[in-house]
Each structure stands twice: as structure tokens, then as C-alpha cells.
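See below for the structure under consideration.
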There are 2 protein chains.
Amino acid sequence: MALEHAILVSLLEKPGSGYELARRFERSIGYFWTATHQQIYRVLKRMDNDGWVEVRDIPQQGRPDKKEYSVADLGRAALSSWLHDPIEPESVRHDLAVKIRGAAFDDPAALIREVERHRQVHRDRLAHYLAGETRDFTVPEASTAGPRAPLDAERELQHVVLRGGIAYERMMIDWLDDVLATLSRFGPGR
Amino acid sequence: MALEHAILVSLLEKPGSGYELARRFERSIGYFWTATHQQIYRVLKRMDNDGWVEVRDIPQQGRPDKKEYSVADLGRAALSSWLHDPIEPESVRHDLAVKIRGAAFDDPAALIREVERHRQVHRDRLAHYLAGETRDFTVPEASTAGPRAPLDAERELQHVVLRGGIAYERMMIDWLDDVLATLSRFGPGR
DNA sequence: TCCTTCTATGCAACTCGTTGCATAGCAAGC
DNA sequence: GCTTGCTATGCAACGAGTTGCATAGAAGGA
């Protein structure tokens, strides 16, 4: 039940409409939390009822009005409370791993295409993350000694999460290489 | 909707009762697919209705009867068909990443305990996987040249999935170290 | 001109997954 | 003797997430 909290974080970083949130969930936030516009609209409505967010109607020309949401005090409190609650380490769900073990009872070689496709997706994601890192987090040459520049928590924490995404994609690409090498040792048919 | 398929794979590897499946989902299968006994019983019943599995009642002394499930031809066909369908690379859900980005609006240092706890969980899992690998996949010294031993697809594929789990845990531990180093650069309070 | 895509929001129906509870006998430890 | 935990299955209710559909005007390409 962390969708509310993911929305709160995103709105604290920058207020926006449900539609805009949905697009963010396809990009930066979506790297570690996915949500469709349906869920977002539904949850936003509930959050509004609960007083977690404030809405401002923004009329637009030629398009439907936009509702810009921002975080209210109650929402901030709810986020803070959630941050202090322990959470369980997330449970994993890897369809591909099920398929790989299942391939033993079918045709292992037939999975090669599929695994290659997944590897390409992870390569693309990695390239995308690395481009984002260069764009947003490249700092000018640090002075040799001297005091550090004041730390911007928001930026630093976004960066460390992005580094997590990068590490994950690199790990996946390496593992999928391993999987491909393993699959290729079995001939077609069973 | 891959729970059916995960169950099929598990039953092909070894027939068993719903209860036994639930325990396997806490162990080896659960490393990449979680399920509670509720889901398993419900899905097993549906799979039985659809003719994917066969049930054999095994009376026991002093305990409730056990229903041992095994995969029927229809189930095997369903698995094979699923294996040949492409799947989307799985969408991620990392509560912890949401928390880390959210910490910028609260107290970053307060997250340190939580992150350390998660790191410990991942260390434990890693140790567990490594022990399992030594136990199940240590091969006797390979002969210098000569022909390879016949390859056992089931075993090899189980092993490569386990190696994926190991790589994942190592990556997480390293990343959480990075997160801790980042969090520690911010003082308490905001 | 028509078709598609984008912005922007939303309902309804459905499936999937979680939580709490219930039964029931046996074994082990305090 | 009592509590806890294990085997073994299951119902009921709820909450989370997905899919299909609908509206509606603007912009851009075939």
C-alpha cells in the first residue's frame, strides 16, 4: 500500500496533475514503482477526501481542465509516519525465472530468443539511466581540498536511488548472459 | 498470472500437496515467486477443475488426509504454451526506494536503521543461497579433458536461477552500503 | 480527409493477493 | 497440565491492481 506514499513523494518533489503523475510513473518514479493512470486517479481522489492533498483547478484552452495536486499538511504527516514504520523487504516476482526452470520440461533452446529480448530491454534501460545520470548528476570538477558544497538531500537521494537502478540493470544483463550461455548448452527438442 | 505456471513447474520437479507447495514457495521457488497457502489452494482447485493437475488422496495416520497433486497432460500443454508466449519484463516495486527519496522531506538519518535491517536480510538470504549452492550444485573435480558428463537440464537451469538470486543479493548489499554512506552525510532533523 | 496520437479525466467489471479466522489431531517443551 | 508449533485444508471479506471502455478537443501526418 505504498502507492499513496510514492505519490506524496512525487508531489513533494513537484506538484502536478494526475496525468502528469502518470507520466512520471512511466519515467523516473516508474523505475522502482509502477502505476497506471487508473490507480493514480482513484488514489488521488481518496487522498483528497482524506485531506492529504490539495487541489487547484487550472482552466486550459482547448483541453480539459487540469487539476493540480499538492501535498497538504496531513499528507506530509502521513508520509513522515510511514517513513518511520518498518517495512518488509519486498517479495520478488520474476516470471522469467519461472520460465527458465520450466524450460527443463520443454525446449530450453526455445527460450533463447525471449531471454535475448529481455536482455535488450535491460540494456536500453541501463543506457537510459546512464544518460539521465550524466544529464542530472554530473558535478563540475570538485576543488582539491576546501569545504564541500552544501549538500542537497533531495538531489543526493534521487541520485543514490538512480545508482540502484543502474546497479540492478547491470546485474540483470550479466545474469542474462549467464542464462544464455547455459541455455545454449542444450540442443533443441527434448 | 504466472502462479499457475510456477505451480506447474514445481509439481513437474516433484509432485506434492498444497501444503508442501506452500513450503516450497517459502524456500526455493519463493526466491523468485511468492505465494501464500491461500492462493495456492485456490489456484490448485481451479487447475484441478481445468484438468491441468491430477489429485490422489493419501490417507495419513493422525493427520488430515493429504491430496497429492501431479501435472496432467493438459497442464503440461498449458505450461508449454505459456513458455512460448513472450512476457513483459517485470515491473519493479521497491518500497525502500520510495522511502529513500521520501526521506529528503523528513529526516534522512532516521532511515539508517531501516536500511541496515534490510541489508541484514539480504546478507542472510545470500548466505542461505550460497549454502544451498554448495549443498546442491558442487560438482566433483572435473576431469582434465575427456567428454563432459551428460547435462541434466533441470539441475543446470535450477542452478542458473540460483546464481541469479545470488547476484541479486550481492548487488542489493552493495547498493545498500552506498545508500548508508549517502544517508550518513546528512545530519538528524531538517 | 481521415487516422492516429496527445492531453486530461473517469466509470465499471474483473482478477489477483492479503488477512483473519476456523478446524483438528499430534508432538514437544515448560 | 498448558501452551506453542506443526501438518493439512479451507471460507469469507477486503484491498490492490488490471483491462476495457468512454469523453473530447487539438495537433500532425498520410
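Letters A, B, ... are given to chains in the order of the sequence lines, protein chains preceding strands, and every chain is numbered from 1.
Comparing D:dT19, D:dG10, C:dG10 against the side chain of A:Tyr41 picks out C:dG10 as the nearest. Comparing D:dG17, C:dT18, C:dG10 against the side chain of A:His37 picks out C:dG10 as the nearest.
Contact between the side-chain N/O atoms of A:Ser17 and the OP1/OP2 oxygens of C:dT9 is found at a separation under 4.0 Å. In terms of phosphate contacts, B:Tyr19 brings a side-chain nitrogen or oxygen within less than 4.0 Å of OP1 or OP2 of D:dT7. Look at A:Lys66 and you won't find any side-chain N or O under 4.0 angstrom from OP1 or OP2 of C:dC6. An OP1 or OP2 oxygen of C:dT9 is reached within less than 4.0 angstrom by no side-chain nitrogen or oxygen of A:Lys45.
For the pair A:Tyr69 OH and C:dG10 C1', the computed distance is 11 Å after rounding to whole Å. When rounded to the nearest whole Å, the span between NE2 of B:His5 and C1' of C:dC16 equals 15 Å. Residue B:Arg46 contributes atom CZ, which lies 9 Å from atom P of C:dG17 at whole-angstrom precision. One atom, CD of B:Gln39, and another, C1' of D:dG15, lie 13 Å apart when rounded to the nearest Å. Between the P atom of C:dT7 and the CG atom of A:Asp57 lies a distance of 20 Å, rounded to the nearest Å. Look at CD on A:Glu26: it is 15 Å from P on C:dT5, rounded to the nearest Å. For the pair B:Arg42 CZ and C:dT15 P, the interatomic distance rounds to 12 Å; values are reported in whole Å. For the pair B:Leu3 CG and C:dG17 P, the computed distance is 6 Å after rounding to whole Å.
By the 4.0 Å N-to-carboxylate-O rule, A:Glu13 lies close enough to B:Arg101 to be salt-bridged with it. In summary, B:Glu114 and B:Arg117 engage in a salt bridge, as defined by a charged side-chain N under 4.0 Å from a carboxylate O.
Note: the hydrophobic cluster containing A:Val115 also contains A:Leu126 (ILVMFWY, side chain heavy atoms under 4.5 Å, direct or indirect links).
Side chains of A:His94 and B:Tyr168: no donor on one and acceptor on the other come within 3.5 Å.
Looking at which nucleotide of DNA chain D each of B:Arg93 and B:Gln38 is closest to, the 5′-most match is held by B:Gln38.
Annotation for B:Asn49: atom CG counts as buried by contact number, over 12 foreign heavy atoms lying within 6.0 Å.
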